[in-house]
Amino acid sequence: MAKPPKNAISPTRSEDYPEWYQQVIKGADLAENSDVRGCMVIKPWGYAIWENMQRRLDDMFKATGHENAYFPLFIPMSFLEKEAEHVEGFAKECAVVTHHRLVDNGQGGLMPDPSAKLEEPLIVRPTSETIIGATFARWVQSYRDLPILINQWANVVRWELRTRMFLRTAEFLWQEGHTVHATAEEAQAETMAILKLYADFAENTMAMPVIQGRKTAGERFPGAVDTLSIEAMMQDRKALQAGTSHFLGQNFAKAQEIKFQSESGELVHAWTTSWGVSTRLIGGLLMTHADDDGLVLPPKLAPAHVVILPIYKNDDQRGDVIAYCESLKAELESEHYDGAPVRVKLDDRDLRGGEKKWQWVKRGVPIRIEVGPRDIAEGKVAFSRRDLGGKPEFLERAGVVKEIAKTLETIQQTLFDRAVKLRDEATVEINSLEEFEKFFAADAPGGLAYCHFVDGPEMEAKLKKLKVTARCIPIDGDAESGECIFTGAASERRGVFARAY
RNA sequence: CGGGCUGUAGCUCAGCUUGGUAGAGCGCUGCGUUCGGGACGCAGAGGUCGAAGGUUCAAAUCCUUUCAGCCCGACCA
């Protein structure tokens, strides 16, 4: 009789981090690889987390005046050609549709019908700036039509050569916001407001601390004048770009003729922005909070806040235990957390207790409550917090119910505080290239390095050798005179450098 | 697109060197024993061995071709 392993997930983070990541996804039943290379199936538990993210973000977008709409999956190939940098950024990873009919290939299979070739190939959207821009060009005539504040929830396809579930897949789900403004200032303000919104969401809903910053030229979105991003640090000390907000200037407006007549009667090009977050956030959520027993979910995103596990030996006990659990569930559900009833799952499947418990541990449910005949007799429950681990506490039933919202908030806060601490411990200021190379040596743990720098090819070359990237220039960083560690030139601000996903 | 590797049960894989009735573990189904903890026993279902061609009395095994996938590199707003 083999003893169960000490941890639910094998290997552990320290043994093999990438493999641990895969196993957490599997253990939590979030997703699996599909029959299509590079594309994944998001399973109900994983999709429920995404739905919770969507709901919250959607409310935030609406509250700031944005409206949802939907644009086509297909984009005429010629649209992509209009913005030079944009082409360069995406052309290499586009799925292309060339035919509209299949015929028998004469060998018992199918092939595209040569007589059904499209006059102009369509590409599957890798992002929608071009087709939305073309649409906006029709919508905008007058300064009175502005601003236009649109968001769409959609799937996009980028034909990636190397994929990792949630972090980089050929198809992924996201939201893309697209706005049009009369002035550069207004568009820049929008870009910044969305960055703040994303940071708010990451920190207060996902409990994932982020750095808000501006991208260097090399990391900018193709076609953007300015790219802002939120950057999070994962438990392996690598950075993850968790959301981007782009000030597109007049680049797309000019490429696509988005023009309007101003108050003074002149015909001028509009200013546009775009911004997005994707299912990649689930990967970030996982790598921020999960441990060697699997996923750990912040209560605000958990599909279930509490799972109740009945424990009984026979059918006689079963009836009593289930009844007690049902009433406990109802009581908990009458409590509110985060503006909605507490989400409770009663797992009465006919499975062994141990196996059942570990399934929920691996799925990351914030609170587990086990109820057996002994607890019923004493008016107690066996109460376990996922973020703490260890043995259950036997608590008074009434107290648990009364405190449930407060407990959930405590868990949410604990996860955030823990993540901040981990990040801060891995953060350093570095003032010389020598120190920098040591910090990012192959066998060093790495982390986030704040350094003076001057953007340019010399820096890019040195970074590439170390497999390090400039993550961003923090927007709340204080101006401070210094010397670029790569070139020695004068610098006014520090940037954040890290290895990244 | 270079370099390496793998295709056998739902999953992970053994068998191939030396050709001779298709295997294991997990999972699944049933029955029983267990049960405050990731159980155990017994019985069972499940595979044209990636595909095509060749050698042979005989091919999962040898040869040729082909398809698919994985890893390393290159690439990756």
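Using a 4.0 Å heavy-atom cutoff across all strands shown, A:Glu219 reaches sugar-phosphate atoms only and no base atom. Using a 4.0 Å heavy-atom criterion, one finds that A:Gly372 contacts the bases of the nucleic acid, with or without backbone contacts as well. Using a 4.0 Å heavy-atom distance criterion, A:Asp375 is classed as a base contact. Across all strands, A:Tyr312 comes closer than 4.0 Å to no nucleic acid atom at all (heavy-atom distances). Using a 4.0 Å heavy-atom criterion, one finds that A:Phe394 contacts the bases of the nucleic acid, with or without backbone contacts as well. Contact annotation for A:Lys357: no contact, since no heavy-atom pair falls under 4.0 Å across all strands. Residue A:Lys362 is in base contact, counting any heavy-atom pair closer than 4.0 Å across all strands shown. Residue contacts for A:Ala224: at a heavy-atom cut-off of 4.0 Å it reaches no nucleic acid atom on any strand shown. Heavy atoms of A:Phe383 sit nowhere under 4.0 angstrom from any nucleic acid atom. If you check every strand for non-hydrogen atoms under 4.0 Å, A:Pro392 touches nothing.
When the C1' atom is compared between B:G19 and B:C11, the two are found 29 Å apart, to the nearest whole Å. Spacing between B:A51 and B:A59 at atom C1', rounded to whole Å, works out to 15 Å. The same atom, P, is picked in B:G73 and in B:C63; the two are 31 Å apart, to the nearest Å. A gap of 14 Å separates the P atoms of B:U8 and B:C70, to the nearest Å.
Other residues, nucleotides and ligands place more than 12 heavy atoms under 6.0 Å from the NZ atom of A:Lys238. Within 6.0 Å of CD in A:Glu19 there are more than 12 heavy atoms belonging to other residues, nucleotides or ligands.
A cation-pi arrangement is not found for A:Arg280 relative to A:Tyr501, the charged atom failing to lie both closer than 6.0 Å to the ring centre and inside a 45° cone about the ring normal. Note that A:Arg363 lies in the cation-pi zone of A:Trp45, set by a 6.0 Å cut-off to the ring centre and a 45° limit from the axis.
If you take CZ of A:Arg349 and P of B:G38, they are 15 Å apart, rounded to a whole angstrom. When the P atom of B:G36 is taken as reference, atom CG of A:Leu309 falls 14 Å away, rounded to whole Å. Atom pair A:Arg374:CZ and B:G37:C1' shows a separation of 12 Å (rounding to whole Å applied). Between the P atom of B:C35 and the CD atom of A:Glu370 lies a distance of 17 Å, rounded to the nearest Å.
Side-chain contact, A:Glu186 with A:His181: a donor N or O sits under 3.5 Å from an acceptor N or O.
Aromatic ring centroids of A:Phe166 and A:Trp50 lie 6.0 Å or more apart. In this structure, the ring of A:Phe497 has its center no less than 6.0 angstrom from the ring center of A:Phe440.
Remark: A:Arg494 pairs with A:Glu429, A:Asn431, A:Tyr450, A:His452, A:Glu480 by the side chain to side chain contact (heavy atoms under 4.5 Å, CB included) rule, at least two apart or across chains.
Taking side-chain N and O atoms only, A:Arg352 has a distance below 4.0 Å to OP1 or OP2 of B:A39.
Searching all strands for a Watson-Crick or G-U wobble partner of B:U17 with both distances below 3.5 Å returns nothing. The partner of B:A45, taking Watson-Crick or G-U wobble pairs whose two distances both stay under 3.5 Å, does not exist in any strand shown. Pair assignment for B:A68: B:U6, on the basis of Watson-Crick or G-U wobble contacts that are both within less than 3.5 Å.
A donor and an acceptor atom never sit less than 3.5 Å apart when one is taken from the side chain of A:Gln359 and the other from the base of B:G38.
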Heavy-atom protein contacts under 4.0 Å, nucleotides 66-76 of chain B, coded B base, S sugar-phosphate only, - none: ---SS-BBBBB
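If A:Lys26 and A:Asp293 are placed on RNA chain B by their nearest nucleotide, the residue sitting closer to the 5' end is A:Lys26.
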